[in-house]
Structure formats: C-alpha cells, structure tokens
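Below is one structure, written out as structure tokens; comments come after it.
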Amino acid sequence: MKPRGLHSLLLGSLCVAFYCLCHADNFLKSGNHEWKKLIMVHHWPATVCKEIENECTEPPDYWTIHGLWPDKAEDCNGSWHFNLDEIKDLLPAMKEYWPDVVHPNRSHFWKHEWEKHGTCAAQLDSLNSEKKYFGTSLHLYEDLDLNSMLQKLGIRPSLNYYQISDIKDALASVYGVIPKVQCLPPKQDEDVQLIAQIELCLTKGLQLRNCSEPEPHPPASSPTLSVCDEGPAFYPPPRRAQVGLPNSRKRPVF
Ligand SMILES: *[C@@H]1O[C@H](CO)[C@@H](O)[C@H](O)[C@H]1NC(C)=O
Ligand SMILES: *[C@@H]1O[C@H](CO)[C@@H](O)[C@H](O)[C@H]1NC(C)=O
Ligand SMILES: *[C@@H]1O[C@H](CO)[C@@H](O)[C@H](O)[C@H]1NC(C)=O
C-alpha cells in the first residue's frame with residue numbers, strides 16, 4: 001500500500017541519516033589524513049626498558065630514535081607494506097641509532113613505525129619512500145645531535161632529580177624552539193616520574209619549530225607516557241655503569 005511504503009521510505013531515510021550522523025566521526029578519522037607538523041621522537045632506552053618491564057640486555061646508553069611522526073595522522077596507506085630490503089644500506093645506522101631497544105635483533109619496530117607513521121609522512125616528496133623516510137630521520141637525528149646537546153648542557157643521567165622546566169628551558173636555549181618532554185609516570189612504589197622521551201618538532205620543510213601550541217586533539221603516543229608534570233623527574237642511568245656518551249662515538253655513515 002502506498003502510504004505504508006512512503007512511511008517505510010521515510011523511516012529508512014531517517015535511519016540512514018542517523019547512521020551517518022553517528023558514524024561521521026569515524027569516517028573523518030579514517031578518511032582524513034591531514035597533518036601539520038612532524039615530531040622527531042627520541043627515547044631514553046633505560047626508561048623504555050622500565051616501561052616494558054623487560055629485562056633488556058645492554059640497552060644503549062644514548063638517546064635513540066623512536067620515530068618521525070606526523071602530528072595528526074596514522075596508518076595512512078594500508079597497502080604500502082614495509083620492505084626491509086629497501087633500507088638495506090641504512091641497516092648499520094638503523095641498528096645503532098634506531099634500535100628496537102627491547103628486541104634488538106628484530107625489524108618489527110621499523111615495520112610498525114613505517115606503517116603507522118611513515119605512510120603518512122610519505123605525503124611529503126622528501127619522505128615519500130621508505131629509504132627517504134628512514135634515511136631522513138637518521139640525518140635529522142644526526143643533525144639535532146641531542147646526545148651531545150644534553151651533555152653540553154650538563155644534563156646527564158643522575159641519581160639526583162631534575163626539574164622538568166630546567167630541561168625544557170635548556171633545550172629551548174640550544175634549539176631555539178620549545179621541545180616536548182614526556183615521562184613515565186611514577187609507579188606505586190616510586191615517587192618520581194622518569195624522563196622517557198624528548199620530542200623536537202619540525203615543519204613540513206623539515207625546519208625546527210615549537211612543539212607547543214594549543215592542540216584540541218593531542219597526538220596519541222605510547223599509551224603509558226604523558227607530558228611530564230612540572231617538577232622533579234629522574235633521568236635514570238643505564239644499567240651499565242658508564243653514563244654519557246663517549247666522544248669517540250662513531251657518526252652514522254649513510
Ligand atoms: C599506497 O601505497 C601504494 C603502494 O606503494 C601506492 O601504489 C598507492 O599509490 C598509495 N596510495 C596512496 C593514496 O598514496
Ligand atoms: C643478535 O644480535 C647480537 C648482537 O648484536 C648478534 O651477536 C647476534 O648474532 C644476533 N642474532 C641474530 C639471530 O641476528
Ligand atoms: C616559540 O615559542 C616562543 C615562546 O612561547 C615564542 O616566543 C616564539 O615566538 C615561538 N616561535 C614560533 C616560531 O612560533
């Protein structure tokens with residue numbers, strides 16, 4: 001019957017409209033891969049080991065790369081799979097400066113970084129292949145030279161606490177931009193956060209820029225890390241006795 005058919009049609013349209021409304025957010029999240037800045041994320045291996053509660057064997061005693069992350073996009077191209085062969089010539093540098101701290105012999109960490117972040121960074125011509133993405137990240141790591149900067153600033157792993165604001169101010173004074181410092185919050189039996197990550201932000205032209213700006217949706221990073229609370233923080237020495245970076249450290253070879 002006619003009226004009844006019309007009625008169903010109307011009801012059907014309403015349902016469709018309602019469905020769209022409810023799922024618009026998801027649609028935007030999956031379809032919108034725009035981003036504004038890149039974040040060069042360094043992490044402190046001793047804290048990474050602590051976070052994973054894993055007995056790392058000989059974690060590096062220098063800051064290593066976690067990743068180069070576009071700020072607002074992830075998993076941008078599910079069909080662009082990681083291929084280790086493409087970065088064969090970078091492997092010696094990758095193993096030294098971008099190791100999977102917890103599983104030093106695996107390449108899964110690189111696959112993860114590529115698929116989650118690299119496929120989004122690849123919107124830039126300067127980063128539109130695995131080789132460019134990983135190679136450029138290694139170059140940035142070398143240029144930013146965080147390990148030497150921290151040493152020059154006298155910020156060394158220590159049994160004493162640092163004030164987060166002192167570390168941020170010191171880094172801002174050498175880089176000329178505001179970094180972001182992330183911490184592992186204290187566990188029950190501890191009273192102080194651990195320094196975990198130092199992030200330096202870059203424009204799409206790969207120039208340093210401030211990390212801070214009012215952000216309605218802060219980028220998701222490791223689930224248990226958060227921006228450090230102002231106040232004291234512990235910069236834990238690596239398990240090995242030797243702290244700091246020997247001056248004779250090899251430079252990456254590309
Ligand atoms: C996704 O990656 C594949 C494989 O590299 C490529 O052919 C395709 O153009 C990419 N798609 C987009 C939207 O970039
Ligand atoms: C794992 O790494 C260690 C130290 O770098 C090396 O001696 C060993 O041969 C590696 N094992 C494999 C299976 O690659
Ligand atoms: C970075 O932040 C500092 C302090 O808020 C500000 O003075 C400076 O202008 C900012 N730089 C840029 C490029 O926005």
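Atoms within a ligand are numbered from 1 in the order they appear, just like the ligands themselves.
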Would you mind reporting whether Y162 and P232 have side-chain heavy atoms less than 4.5 Å apart? no

Residue set satisfying side chain to side chain donor-acceptor pair (under 3.5 Å) with E130, at least two apart, ordered chain then number -> none

Please identify which atoms of ligand 1 are closer than 4.0 Å to at least one heavy atom of N77. 1 (C), 2 (O), 3 (C), 8 (C), 10 (C), 11 (N), 12 (C), 14 (O)

Going by the order shown, which atoms of ligand 1 are within less than 4.0 Å of some heavy atom of W80? 2 (O), 5 (O)

I'd like to check the salt bridge (Lys or Arg N to Asp or Glu O under 4.0 Å) partners of D85; sequence neighbours left out, ordered by chain and number. K88

Could you verify whether a donor N or O on one side chain and an acceptor N or O on the other, from Q197 and H66, lie under 3.5 Å apart? yes

Anything under 30° is parallel, anything over 60° is perpendicular, the rest tilted; go ahead and classify Y133 against W98. tilted

Qualifying residues under salt bridge (Lys or Arg N to Asp or Glu O under 4.0 Å), relative to K131, sequence neighbours excluded: D89

Sorted by chain and residue number, the residues having a heavy atom closer than 4.0 Å to an atom of ligand 3 are I178, N210

With side chain to side chain contact (heavy atoms under 4.5 Å, CB included) as the test, would you mind laying out the steps for K187 and E53 before giving the verdict? CA-CA 12 Å; K187 303 209 166 117; E53 293 186 21; 3.3 Å; yes

